[in-house]
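Down below is the structure, laid out as structure tokens.
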Amino acid sequence: NSQYLEAYVIALMKKELFRPSAMKKIMQQIIAHNAKDEDIVAQQRATLQEALDQTALSLRRVVDAIEEGLISSALVARLHELEQEKTDLELQLAKLHPVSQKEALSVDPQLILQQFQEVKETPASPAFKALLQDYLDKIEIGSYNLKITLNTGLGLCDALNSTWLVKRQE
């Protein structure tokens, strides 16, 4: 059973990953997905920047009021609240970044194919097993089926990983 499963997974990977046409399709999907991500991130960045600008303006007004001698515990509390809000918004902005086109293009599909060509004749070798582990995300074994997920997002985009459901033959 384990030998059959291993052979099945290897055949699936050869078909879905380790062919030039499959790798080209994967790279196109990653680039298209990243372009969508960049649009979404740009919209989120604009929204966060607008909120940060509003917070900075409010902070400036509170500081101006304090400088004019209008200090109160409520005003000081509002100052601390706005400073925390500003810090939170800056942190959200700093964390906001999609996988860039440069990162996507740094994956060399030819190198991946070459690595596979070099090890495919020795399926028992540690290099072959390591390559499979790099591109096999998970296998879930159920009572009546197997669920095989390949890392067709190449570690750049988990949303593009591919899953196959294999029904158990009786």
Side-chain angles (χ1 to χ4, degrees), residues 9 12-116 130-142 145-165:
V9 169
L12 185 62
M13 292 177 108
K14 284 179 183 177
K15 178 183 173 206
E16 300 297 330
L17 268 168
F18 300 124
R19 288 181 310 135
S21 60
M23 193 58 67
K24 181 179 178 184
K25 180 181 170 191
I26 288 168
M27 293 307 293
Q28 289 170 342
Q29 289 174 330
I30 288 172
I31 290 168
H33 188 274
N34 289 344
K36 285 183 213 167
D37 273 359
E38 287 175 2
D39 289 344
I40 291 168
V41 167
Q43 290 170 356
Q44 291 172 338
R45 186 176 306 285
T47 301
L48 286 170
Q49 188 60 54
E50 186 177 323
L52 187 59
D53 293 346
Q54 264 317 113
T55 302
L57 181 62
S58 295
L59 263 170
R60 184 73 247 156
R61 289 181 180 149
V62 169
V63 168
D64 287 347
I66 291 172
E67 286 175 351
E68 290 181 22
L70 302 172
I71 192 162
S72 69
S73 59
L75 205 52
V76 171
R78 180 68 178 140
L79 178 68
H80 292 302
E81 190 179 294
L82 288 168
E83 286 173 339
Q84 183 60 49
E85 187 177 317
K86 180 182 178 203
T87 301
D88 292 345
L89 288 167
E90 288 171 339
L91 185 60
Q92 287 176 39
L93 265 172
K95 289 181 179 178
L96 199 59
H97 59 81
V99 174
S100 70
Q101 297 287 49
K102 185 177 180 184
E103 287 174 295
L105 296 175
S106 71
V107 172
D108 184 353
Q110 295 304 318
L111 179 61
I112 294 169
L113 293 172
Q114 179 185 342
Q115 289 171 335
F116 179 72
L131 188 67
L132 288 185
Q133 288 177 352
D134 284 346
Y135 298 102
L136 178 62
D137 186 43
K138 63 184 168 186
I139 297 177
E140 296 175 28
I141 301 174
N145 56 41
L146 291 174
K147 190 173 169 183
I148 301 169
T149 304
L150 298 182
N151 182 7
T152 49
L154 304 180
L156 294 172
C157 182
D158 290 343
L160 294 178
N161 287 352
S162 304
T163 301
W164 287 266
L165 188 64

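These numbers were taken from a predicted model, which means no experiment stands behind them. Sequence positions, counted from 1, serve as the residue numbers for this chain.
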### Gap separating the CG atom of L57 from the CG atom of L52, nearest 0.5 angstrom
11.5 Å

## Note on the structure
To the nearest 0.5 Å, atom OG of S58 lies from atom CG of D53 at 11.0 Å

### Query
With a 4.0 Å cut-off, would you call E83 and K86 a salt bridge?
no

### Summary
What one should report as the nearest heavy-atom pair of L75 and V62 is O-CG1, 3.8 Å

### Summary
Heavy atoms of L82 and T55 approach each other most closely as O-CG2, 3.5 Å

### Query
Out of curiosity, N161 CG to N151 CG, how far, rounded to the nearest 0.5 Å?
4.5 Å

### Message
By the definition side-chain contact (heavy atoms from CB on, under 4.5 Å), identify the one residue from D137, T149, I148 that meets it with T163.
### Response
T149

### Query
Any idea which heavy atoms bring L131 and F116 closest together, and the distance?
CD2-CA, 3.5 Å

### Message
So for atom CD, which belongs to E50, do other residues, nucleotides or ligands contribute more than 12 heavy atoms lying within a distance under 6.0 Å?
### Response
no

### Query
Has Q54 got more than 12 heavy atoms of other residues, nucleotides or ligands less than 6.0 Å from its CD?
no

### Message
Quick check: do V9 and L132 have side-chain heavy atoms less than 4.5 Å from each other?
### Response
no

### Rounded distance (nearest 0.5 Å) linking atom CG of L59 with atom CG of L79
6.0 Å

#### Entry: side-chain hydrogen bond (donor to acceptor under 3.5 Å, both in side chains) partners for Q84, two or more places apart
D88

### Query
If every non-hydrogen atom of L113 is compared with every non-hydrogen atom of R19, which pair is closest and at what distance?
CD2-N, 3.6 Å

### Query
About how many Å separate CG of L136 and CE of M13, when rounded to the nearest 0.5 Å?
5.0 Å

### Summary
dist R45:CZ -> L48:CG (nearest 0.5 Å) comes out at 8.5 Å

### Message
For Y135 and F18, take the angle between the two ring planes, folded into 0 to 90°, and tell me which bin it lands in: parallel under 30, tilted 30 to 60, perpendicular over 60.
### Response
perpendicular

### Message
Closer than 3.5 angstrom, by distance alone: can the side chain of T152 be matched with the main-chain N or O of S162 as a donor-acceptor pair?
### Response
yes

### Task
Of all the heavy-atom pairs spanning E81 and R78, show the shortest one and how long it is.
OE2-NH1, 2.6 Å

### Query
Are K25 and E16 ion-paired here, with the side-chain N under 4.0 Å from a carboxylate O?
no

